[in-house]
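This report refers to the structure that appears directly beneath it.
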Amino acid sequence: MGFTNQSQWICFALILGLGALAFQTTARTLQDESMRERHEQWMAHYGRVYEENYEKENRFKIFKENVARIESSNSDANKSYKLSANQFADLTNEEFKASRNRFKGHECSTETTSFKYENVTALPSSMDWRKKGAVTPIKDQGQCGNSWAFAAAATIEGIHQISTGNLIPLSVQELMDCAVYVDGDGKFRIEYFGCAYRLPEDAYNYTSTRGLTTQENYPYVGINETCQNQDASNYAVKIKGYEYPAPSETSLMKAVANQPVAVTIRTGGDFRFYSSGVYAGACGDLGDDVHYVAIVGYGTSDDGLDYWLIKNSWGTDWGEDGYMRFLRGTDDKEGLCLIAKDAAYPIV
């Protein structure tokens, strides 16, 4: 094709440019429509309903941004874990922190306790307390920031089964409603609402004093309620107290080899979208990113990565059926995201 003058060339170039622009616009439109369809499917799966169109549009934009972040991460073949657009995919980081962690300022315990596993030397290469019948099914804390209570309950359930042979799902709601704080003069008093920041130690203090009833007897509702003393008085489990491992992965491993342990994790980065593999992503700050979980084992992946086996309280749609494999054995003795810094476990 030849052009007899400059005007013909300009016209041809303009046509090509407009065609390319139209193609790009069509491609973006199709991509946007595909993402909207994906959002609709996600809403149906998680039962999400938005009352206003502007709210739906806003949630769609957040969903689209989170999906782009997830897919970008998953495209990195060097990462040892995968992410997914789970139940948190329409939340911003700030909204997620407010609805799940509810952290109000952390003060590390200065109390010194004994560590009965200090002199343990012979440790199994792997441990999974699920296989030994010491772990109850995964639960979902919902919109209540009470991971402290779920982590504590999981560890009490675990040590009770190990010591008695009976696995009993215990009442997280009782801990939320009734667990009390011990002040300086040794008196007990209600300190915070259950959906706000607390410590597993509060649950241990309560259970060693009053005992803890079953989940069936005192069901979970996931909101702050008044303590139902009549139900709480019918306790199923009682403990003697609790201990702290030294703040190191070595001490933590000694403890987990003998029973489930409650820990704090500085969640952040990709943590909330974790789907599978051994998590080795970014960590959060000492603030709104702190979350409590129970470590119920440890092992080594097929790729040779050492990991902690974490029981979370975000339902079975999260992670590996509610669990996470979390990188173990980092250069920091307190572990990735300081997982070994603030650990505690109940004693019987």
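Being a predicted model, the structure only gives us computed values, none of them experimental. All residue numbers refer to positions in the sequence shown, counting from 1.
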> Quick one: is the NZ or CZ of Arg36 closer than 6.0 Å to the six-membered ring centre of Phe60, and within 45° of its axis?
Replying inline: yes
> Taking only residues two or more places apart in sequence or in another chain, which ones pass ring pair (Phe, Tyr, Trp, His ring centres under 6.0 Å) with Tyr298?
Replying inline: none
>> Who clusters with Leu167? Use side-chain heavy atoms, under 4.5 angstrom, across I, L, V, M, F, W and Y, and order the result by chain and number.
In response: none
> Aromatic rings Phe88 and Trp314: how do their planes relate, parallel, tilted or perpendicular, breaks at 30° and 60°?
Replying inline: perpendicular
> With hydrophobic residues grouped by side-chain heavy-atom distances under 4.5 Å, do Tyr46 and Tyr50 end up in a single group?
Replying inline: yes
> Do Arg130 and Glu320 meet the salt-bridge criterion of a basic N to acidic O distance under 4.0 Å?
Replying inline: no
> For Arg38, what residues pass the side-chain hydrogen bond (donor to acceptor under 3.5 Å, both in side chains) criterion, not counting sequence neighbours?
Replying inline: Glu71
> Under the 4.5 Å side-chain heavy-atom rule for ILVMFWY, direct or indirect, which residues accompany Val49?
Replying inline: none
> Under 4.0 Å between a Lys/Arg side-chain N and an Asp/Glu carboxylate O for Arg59 and Glu55?
Replying inline: yes
> Between Thr155 and Tyr204, is any side-chain donor less than 3.5 angstrom from a side-chain acceptor?
Replying inline: yes
> What is the ring orientation for Phe63 with Trp42, classed by angle as parallel under 30°, tilted 30 to 60°, or perpendicular over 60°?
Replying inline: tilted
> Please, which pairs that meet disulfide bond (SG atoms under 2.5 Å apart) have at least one residue in residues 312-343, sequence neighbours excluded?
Replying inline: Cys283-Cys337
> Are Phe96 and Phe271 close enough that their ring centres sit under 6.0 Å apart?
Replying inline: no
> With Lys64, which residues qualify under salt bridge (Lys or Arg N to Asp or Glu O under 4.0 Å), at least two apart?
Replying inline: Asp32
> Does any non-hydrogen side-chain atom of Trp308 lie less than 4.5 Å from one of Ile265?
Replying inline: no
> Under a 4.5 Å side-chain heavy-atom rule over Ile, Leu, Val, Met, Phe, Trp and Tyr, are Leu338 and Met324 clustered together?
Replying inline: no
> Do Tyr345 and Tyr117 make the cut of ring centroids closer than 6.0 angstrom?
Replying inline: yes
>> Working to the nearest 0.5 angstrom, can you tell me the gap between Glu40 CD and Met35 CE?
In response: 13.0 Å
> Salt bridge check: are Asp342 and Arg266 linked by an N-O gap of less than 4.0 Å?
Replying inline: yes
